[in-house]
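The structure under discussion appears below in the form of structure tokens.
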Protein chains: 4
Amino acid sequence: MDFSNETPIYLQIMNRLKSDIVTGKIKMGEKLMSTRELAVSLRVNPNTVQRVFKELENEGICFTKRGMGTYVTEDEATIALLKEQLANDLMMVFIDGMKKLNYSLVEIIEKVRSYGEVNK
Amino acid sequence: MDFSNETPIYLQIMNRLKSDIVTGKIKMGEKLMSTRELAVSLRVNPNTVQRVFKELENEGICFTKRGMGTYVTEDEATIALLKEQLANDLMMVFIDGMKKLNYSLVEIIEKVRSYGEVNK
Amino acid sequence: MDFSNETPIYLQIMNRLKSDIVTGKIKMGEKLMSTRELAVSLRVNPNTVQRVFKELENEGICFTKRGMGTYVTEDEATIALLKEQLANDLMMVFIDGMKKLNYSLVEIIEKVRSYGEVNK
Amino acid sequence: MDFSNETPIYLQIMNRLKSDIVTGKIKMGEKLMSTRELAVSLRVNPNTVQRVFKELENEGICFTKRGMGTYVTEDEATIALLKEQLANDLMMVFIDGMKKLNYSLVEIIEKVRSYGEVNK
DNA sequence: GTGGTCTAGACCACA
DNA sequence: GTGGTCTAGACCACG
């Protein structure tokens with residue numbers, strides 16, 4: 001976690017978990033670390049982790065078995081949708097931003113390509 | 001302005017001004033609206049506009065003629081650089097984000113292309 | 001059992017047993033499954049079933065013959081009362097809730113009727 | 001607030017606000033009390049109120065104007081939907097519960113009517 | 001002044 | 001042991 005970062009810690013954690021789930025690092029149905037464990041391993045207050053789990057649950061990405069821990073959803077569709085949404089959000093911000101700077105679609109693609117080749 | 005948006009209002013205003021400057025909607029050397037005028041027209045607290053102008057000055061994009069108002073810089077290089085920076089920031093966030101989602105460069109470009117064609 | 005439900009598992013089990021008793025699916029005086037059997041068949045921790053039986057006893061709905069298992073009470077009055085209580089509890093929550101939403105008695109009845117007809 | 005109640009305080013507050021909004025006691029677009037104010041008036045920790053506002057916002061019932069407070073949504077449809085949902089949730093729990101107790105629709109309606117007449 | 005985040009530490013119900 | 005709630009108190013960014 002980056003404590004000096006302006007984006008809230010709980011969001012940083014959420015985002016990391018989301019991308020881990022979406023990329024399969026954490027598998028569907030898998031049990032997540034307990035709040036306390038994760039809190040210790042991230043050197044963060046348990047309440048902060050608690051909040052993360054609660055929000056992930058609100059978004060349908062996790063569910064909790066009472067007294068047994070928090071698990072990743074077993075619904076493939078939810079996870080596929082999540083991936084789409086994450087990608088789309090990124091794209092919207094990016095492309096709309098670029099268009100406001102008067103870049104054409106062709107120019108945008110060219111810039112992405114050259115950026116990618118430099119940072120291979 | 002979108003008051004229920006999470007990005008601070010002063011940043012929303014700054015970004016709008018920046019893109020207007022970069023795209024030439026506001027020309028080099030042009031006088032900007034006065035703090036009060038802009039505040040009224042955006043229905044925003046004058047303090048907020050104050051901050052915008054101050055930060056734009058810090059970044060060398062504007063300068064103040066005492067008693068006469070705030071003007072856009074007349075230095076082409078500064079503005080060109082600004083455009084590069086804005087575009088680069090957008091790209092970094094976008095591409096890093098997409099890579100965290102396990103998209104390859106080829107896939108990213110494909111997605112951008114199809115997004116662009118849909119929203120022509 | 002629904003492990004991701006907010007109502008405690010022991011209550012879910014209790015409620016199911018109660019309604020089975022009240023509706024006669026489980027008869028008066030009948031022997032219930034043993035703690036272990038029930039725990040296995042519901043895939044639940046034996047402690048949880050223990051608690052269910054204990055609470056049912058407290059409410060006078062079951063009784064234990066030492067070494068022989070747990071039995072449903074043979075007292076008709078108790079069971080009749082139980083049914084009344086369960087129904088009344090449901091009604092109070094429902095009607096008070098609807099009144100807080102400003103529904104009149106007439107509207108409530110109309111809504112119940114139409115709900116019932118749709119879900120025949 | 002009922003501190004000895006088993007349902008969490010923040011939910012009690014949420015429910016009260018929701019029903020106040022749905023019944024028009026709090027009007028659309030109206031500003032809510034500030035977190036601190038409400039916390040004082042309910043004799044509750046500000047964090048608890050904070051949580052309430054956050055959840056209401058997640059559900060689209062409120063939105064916050066940065067630095068200016070929290071406001072009820074101005075979207076009629078959202079509120080109408082909310083009312084429907086609240087009523088439907090109550091009905092489902094009630095009617096399904098009654099059916100599990102072997103009450104027929106006719107009996108249910110009769111019970112509701114008599115309950116209503118007694119508690120006029 | 002507003003909302004938002006975080007910590008520390010306590011307590012509870014549940015399995 | 002698990003998640004969940006609550007308080008007290010601190011600090012921050014924003015308008």
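Given the structure is predicted, the values throughout are model-derived calculations rather than measurements. Just so we're on the same page: letters track the sequence lines, and every chain starts at 1.
Atom CZ of D:Phe3 is separated from atom C1' of E:dC11 by 15 Å (rounded to the nearest Å). What separates CG of A:Asn45 from P of E:dG9 is a distance of 9 Å, to the nearest Å. The separation between A:Gln50 atom CD and E:dA8 atom P is 16 Å, rounded to whole Å. Rounded to a whole Å, the CE atom of A:Met14 is 17 Å from the C1' atom of E:dC6. The distance from atom CD of A:Glu55 to atom C1' of F:dG3 is 16 Å, rounded to the nearest whole Å. Summarising the geometry, the separation between CG on B:Asn47 and C1' on F:dG15 is reported as 7 Å, rounded to the nearest angstrom. Distance CG (D:Asp2) to P (F:dT5): 16 Å, rounded to an integer number of Å. We find that CD of A:Glu37 is positioned 13 Å from C1' of F:dG3, with the value rounded to whole Å.
Each of D:Val44 and A:Ser34 lies near DNA chain F, and the nucleotide nearest A:Ser34 is the one positioned closer to the 5' end. Between A:Arg43 and C:Thr48, the one whose closest nucleotide on DNA chain E sits nearer the 5' end is A:Arg43. When each of A:Thr7 and C:Thr7 is assigned the nucleotide of DNA chain E with its nearest heavy atom, A:Thr7 is the one assigned upstream, toward the 5' end.
Counting only distance, with no hydrogens or angles, the side chain of D:Gln50 and the backbone of D:Asn47 share no donor-acceptor pair below 3.5 Å. A donor-acceptor pair under 3.5 Å is absent between the side-chain atoms of C:Arg36 and the main chain of C:Pro46, judged by distance alone.
The side-chain contact (heavy atoms from CB on, under 4.5 Å) check on A:Lys83 picks up A:Val22, B:Tyr103, with sequence neighbours excluded. Applying the ring-ring contact (aromatic ring centres under 6.0 Å, His included) test to A:Phe94 and every residue at least two apart in sequence or in another chain returns B:Phe94. Residues meeting the salt bridge (charged side-chain N to carboxylate O under 4.0 Å, His left out) test with B:Lys25, sequence neighbours left out: B:Asp20. Applying the salt bridge (charged side-chain N to carboxylate O under 4.0 Å, His left out) test to D:Glu57 and every residue at least two apart in sequence or in another chain returns nothing.
Contacts of A:Lys54 with the nucleic acid, taken as non-hydrogen atoms under 4.0 Å apart, involve only primed sugar atoms and P, OP1 or OP2.
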Could you list all N or O pairs between the protein and nucleotides 12-14 of chain E that sit under 3.5 Å apart?
unit_1: E:dC14; atom_1: OP2; unit_2: C:Arg51; atom_2: NH1; d: 3.4
unit_1: E:dC14; atom_1: OP2; unit_2: C:Arg51; atom_2: NH2; d: 3.1

Any chance you could encode DNA chain F as dot-bracket? Rule is Watson-Crick or G-U wobble with both distances under 3.5 Å; [ ] for pairs crossing earlier ones, | for another strand. ||||||||||||||.
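In plain terms, the two heavy atoms of C:Lys100 and D:Ser19 that are nearest each other are O-CB, 3.9 Å.
Between A:Thr64 and F:dG3 there is no side-chain polar atom (N or O) within less than 4.0 angstrom of OP1 or OP2.
Under a 4.0 Å N-O distance rule, the pair B:Lys18/B:Glu59 qualifies as a salt bridge.
Counted within 6.0 Å of NZ on B:Lys54, heavy atoms from surrounding residues, nucleotides or ligands total 12 or fewer; the atom is thus considered open.
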